[in-house]
Structures are given as C-alpha cells and as structure tokens.
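Data first, discussion second: the structure below is written as structure tokens.
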Amino acid sequence: MAYHKPINYAITFFVFCMLLIQEGCITKEEKDLALARIIPKPLSVTGTGHVFKINRQTVIYVQEGSDELMGVGQFLAEKLRPATGFPLEVKATSAAPEEGVYLALAPDISTGSEGYRLEITPKLVSLTASAATGAFYGVQTIRQILPAKIEQAELQKGPWYLATGTITDHPDYGYRGMMLDVARHFFGVDDVKKLIDQMAYYKLNMLHLHLADDQGWRIEIKSWPNLSTIGGKTEVGGGEGGFYTQEQYADLVNYAKSRFITVIPEIDMPGHTNAALASYAELNCNGKATELYTGTDVGFSTLCTKKEVVYKFIDDVFAELAALTPGPYLHMGGDESHATALEDYIPFVNRVQEIVRSHGKQIIGWDEIALSALKDSTIAQYWAKADNARKAVEQGAKIIMSPAAHAYLDMKYDSTTVLGLHWAGYIEVDKGYNWDPASLVPEIKKENILGIEAPLWSETVTNLQEVELLVFPRLQGYAEIGWTPAGLRNWDEYKLRLANHGERMKARGINFFASNVVPWELQK
Ligand code: IFG
C-alpha cells in the first residue's frame, strides 16, 4: 500500500535542497583536480569536476597481503585524523570496496616502483601502485589535494573534499635527496626525524648524513670508541657537540625507512678528518693526536695515507657502518684534501673503494674522487668542478648533481640573509628552482645522472629552526627538479603552488623563509 505522507515529501525535499546548497557551496578549487597545489608537480592530472567527501563514515581499505601497504594505509589515517576528527578505520580487504578509500598493489601498472595511479570518483578513491613506495607517494598527493588546514594538529572545520579525476605519476630521477651536515653542528634524533617527515611529504627518498668532519665525529664506532667519546665532544663554536649511539642511529634509519627514505652515511676522508685525528694519535703521520677544532677552516687535515693502521681504521669503520646501513650506499667524502699529496690521494681513494665494496656497498664520493681510478659502481657527487665530473663520466660513473651555485642550502638567499655562507653565490628561491640537472654542465648528460641532492652544511646553523630557515622553501624546488620532467617545470606556474604551501608549512610548524619572490598572498 503506497502511503502519501506530506511530511515525508517535505523532509525529502528539504534534504534534497540541503544537498543542492552544499553542492553549490563547493568552490571551483575544490572541484577542479587540476587546481590542486601539488609539489612535486605530478606527471598527468585529469579532473572530472566533482568531489569525494571524506566524512565520519569513511573507511580506508587496504588490499590484504602486504604489511608494507597496510603501513601506508595506517600512515594516511594517522595524518588525516587530527584535523578531521574522523575515526578513519583502516581495514584489510580481499576485494575492492564500492566506496571509501582503497589502496592496492597492481604489479602491472607501468609507473615503476615509485609511481602510482590515483583515481577519485564521488564514491571511491582508488590508489594503485606496483609497490608500497608508490602508494606512499600517492598518499602525499592525497594530503596535498586536501586544504592546507589538513596539516593542523588540532581539530579543524571541514568539509574535506578531494576533487575527482585521475592522477598518473612517477619520478624522473630515482635519487632525490638532501644532505644534513651533523658534524659542524650536531642535531639530535628528534630534529632529524622532523626533517625526514618534511622530506617524505615532498617525495624525497635519500638522506645523506655527513657524520664526520674536522669539528666532530657523530656516530659511535665500537671498535674505535674514542671517535665519539673524544671526537664527538665539541662542534663549531665550541658547543657540546654530541653523537648518535648505534642504537639511536638504527632508530633514525628505521624511521627514515618507514617513510621510504634511504639513509646514506658519510665518513669524509682523507681530508676533513681532524675529529678522528684528535681521537687516535696513530692515525697521524707524526704519531701525535691533534687538538679538537671548533673553527670553520677546511683543507688542513689528512689521515696518514702511508700507514697501514689507517686502512684498518677505515675497514673497521665502514664494516660497522655497513652493518647499520640497509641502503646500498656508503659515502667516503674525498673533498678538499688539500693536505694530502695527489700522489697519495689517488691510491688512497682506490683502496677505500675496495674496502667499501668488500662490505657489499656502493661507494659515493665528492667529485674530486674522479682524480683516481673509479670502480664500475662508484658514484661521483658533483659539487664544484665540472672537470672532475667530466672525468667521472668518462670513467662511466653515475653522477649525483649537487652544484653548489644552485643547490647548496647553506648559501644565503641574498645579501640580507644572516645565516649561511655565500662563497658559491646567493641562491634565492627562484634561482634554486630554475635549472635543469641534465643541461647545467655540458659534459654531464641525463643518462649520466642518478639524481639530485641539496646539501645543508651546518657551519652557521645551530638548531632546527635555523636549519628550516635555510632549507625551506627551497627544498620543495629540488624535490620537484628530482621528480618532475624539466619540460613540465616553469617558475611562474610553480611559484603559485609554492605559495599555497606557505599555509601548509605554517600548519606543519616549519620556520620557513618567506622569500619575497614567492606570491604568498595568492596562497589559494
Ligand atoms: N665545501 C666543503 C664543505 C662545507 C661547504 C660549505 C663540500 C663538498 C664548502 N666541501 O662542499 O665541507 O664547508 O659551503
């Protein structure tokens, strides 16, 4: 029996109007996926002009069978819960759901292990990738499609829309990193973890830690304990320095791994070694330990390359580091060895390459190592001399691009910047973005390049706030250079997306430099 209760019609009509009004209140930005301010810029974005609404009922489904993928689903939920206040249950599933958020592995999608496909309809958000890594990067994209307030740690007013459409994405370079110099000034585990979180948000995947230099040794080596107990006692300016115990270092490495970031430890040698030389007399040619050093000169120290004990030292150090390094790379430094005669430097680098390879790791060195005979898997990190890079390329080595004049994060933005140095010139946000690794140095072609890394040397920075002032907002540019093909990159378009990230960096508590080359006021 049909019943015609006027009241039911009225309620239905009222609800219908409410939905219309709500749909009508959805802004252009919220409905147009192509207007999402994603950094790095994805390879392809096609909007379909509607929205998926995350609400109290939304469930995050994860295809069963992969703990790593489940971890990515839980990561997404953890990042969305604080601002939305929604439960966002995470459930394993054997089949794709009708609605909600669905993470799945699809080995066949040809986006590589770091790529992903994100398909958003009004009912279902499907994130597919050939590996959990790609799904993790798809999650960063989801976070950046949502309004900036999603990054707030406290409850925010919704609504929480994802514009509908499809994003297919994967990186141009496989090595996208930054370096943190923890030797000139020491930074504790919590500070480095915060940096790791920011790096992951921008899809960076390599963290190079400069663990030893003239001013400090920062990693416990059990077979040579004085390195940290003496060599770790100070830093530039005479502060208390510090070091990571192997347990703390392993915690850092695991944390980075959970954000799909590989840690690359560097022990700089034969130069930049005063902290080791002050810790063990036998490493010095004159058999006398040096004094600890708290200045900022470079190029005055050298291990005694003629002594066999030095190679035992190097073998022991890299043996312990290799055991602490799940990643494929160990970095030997090799830069500014002005106190080492070239005829001693060349055989030294040859031997160190053998030592590192004997521990099953690939060696990276600053571009000077190209003066020696590079082994086939050795990687040269270009920072200053194009001629060294050319020598490395001629020997078939891959190059990590870290050109000081474009990518050194310790370079001042301009002459008014208090922190940082300027020996390689000033690097404003636009200069840090406006270059292409594959055409910067004629001798270095795209096929020679492993990727890009932006080093932050810490002579002039003493805490995380100061680190952030130099790193952000330039790091986002390097992340985009490493991920997005040069043909899709354009400063005038990028700066609008970067402006939107001002609110995101504020929400994430990042002390960034509000450069006036970025139109922060256009942050919508
Ligand atoms: N060059 C030195 C660093 C640091 C840097 C500061 C390299 C490879 C100048 N070596 O860059 O130790 O002092 O900008």
Side-chain angles (χ1 to χ4, degrees), residues 177-187 206 208-218 231 235-237 264-277 293-303 329-340 345 349 352 363-372 378-389 391-392 397 399-413 417-427 431-432 441 452-462 466-467 469-471 474-475 478:
M178 80 165 277
M179 183 205 84
L180 179 63
D181 169 6
V182 297
R184 273 51 180 270
H185 281 97
F186 181 61
F187 298 93
M206 299 286 170
H208 168 182
L209 288 177
H210 186 74
L211 290 168
D213 209 298
D214 291 321
Q215 298 86 350
W217 184 285
R218 305 298 180 208
E235 57 192 357
V236 167
I264 298 158
E266 177 190 349
I267 301 294
D268 206 342
M269 60 180 74
H272 286 276
T273 43
N274 186 72
L277 297 167
Y293 177 67
T294 60
T296 56
D297 290 345
V298 298
F300 61 86
S301 58
T302 181
L303 292 171
Y329 307 117
L330 294 179
H331 200 302
M332 68 160 284
D335 63 307
E336 298 180 321
S337 302
H338 306 324
T340 317
Y345 176 85
V349 172
V352 173
I363 193 160
I364 302 173
W366 298 104
D367 61 44
E368 290 95 324
I369 60 164
L371 296 169
S372 71
T378 296
I379 297 159
Q381 184 162 7
Y382 168 60
W383 68 283
K385 282 212 181 74
D387 201 38
N388 288 341
K391 285 191 178 73
I399 306 290
I400 293 168
M401 290 297 283
S402 299
H406 291 270
Y408 266 30
L409 286 162
D410 63 318
M411 290 304 115
K412 292 171 182 286
Y413 290 92
T417 312
V418 174
L419 299 170
L421 304 172
H422 63 283
W423 63 268
Y426 295 120
I427 303 181
K431 181 178 179 193
V441 178
I452 172 178
E453 180 186 294
L456 176 73
W457 298 102
S458 62
E459 281 94 336
T460 66
V461 288
T462 61
E466 293 180 347
V467 166
L469 205 56
L470 287 177
V471 171
R474 290 181 291 193
L475 187 67
Y478 303 121

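Order of listing sets the numbers, starting from 1, for every ligand and every atom in it. Nothing fancy with the numbering, it's 1 onward along the sequence.
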Considering only the protein, which heavy-atom contact is closest to [atom], and what is its distance?
atom: atom 13 (O) of ligand 1; value: Glu459 OE2, 2.6 Å
atom: atom 11 (O) of ligand 1; value: Tyr408 OH, 2.7 Å
atom: atom 12 (O) of ligand 1; value: Arg184 NH2, 2.8 Å
atom: atom 10 (N) of ligand 1; value: Asp335 OD2, 2.8 Å

Please work out whether the ring planes of Trp366 and His331 are parallel, tilted or perpendicular, with thresholds of 30° and 60°.
tilted
Any idea how Tyr408 and Trp457 line up, ring-wise: parallel (<30°), tilted (30 to 60°), or perpendicular (>60°)?
tilted
Which atom names give the shortest non-hydrogen contact between Ile427 and Ala404, and what distance separates them?
CD1-O, 3.4 Å
Which heavy atom of Ile452 sits nearest a heavy atom of Ile400, and at what distance?
C-CG2, 4.4 Å
Please identify which atoms of ligand 1 are closer than 4.0 Å to at least one heavy atom of [X].
X: Met411; result: 14 (O)
X: Trp366; result: 8 (C)
X: Asp410; result: 6 (C), 14 (O)
X: Leu421; result: 6 (C), 14 (O)

With Glu266, which of Met332, His272, Gln381, His210 fulfils side chain to side chain contact (heavy atoms under 4.5 Å, CB included)?
His210
Do the side-chain N and O atoms of Trp383 and Glu453 include a donor-acceptor pair separated by under 3.5 angstrom?
no
Taking atom types as modelled, find out whether Glu235 and His185 have a side-chain donor-acceptor pair closer than 3.5 angstrom.
no
Quick check: Trp423 and ligand 1, any N/O pair under 3.5 Å apart?
yes
With respect to atom 2 (C) of ligand 1, which of His210, Gln215, Glu336 exhibits the smallest heavy-atom separation?
Glu336
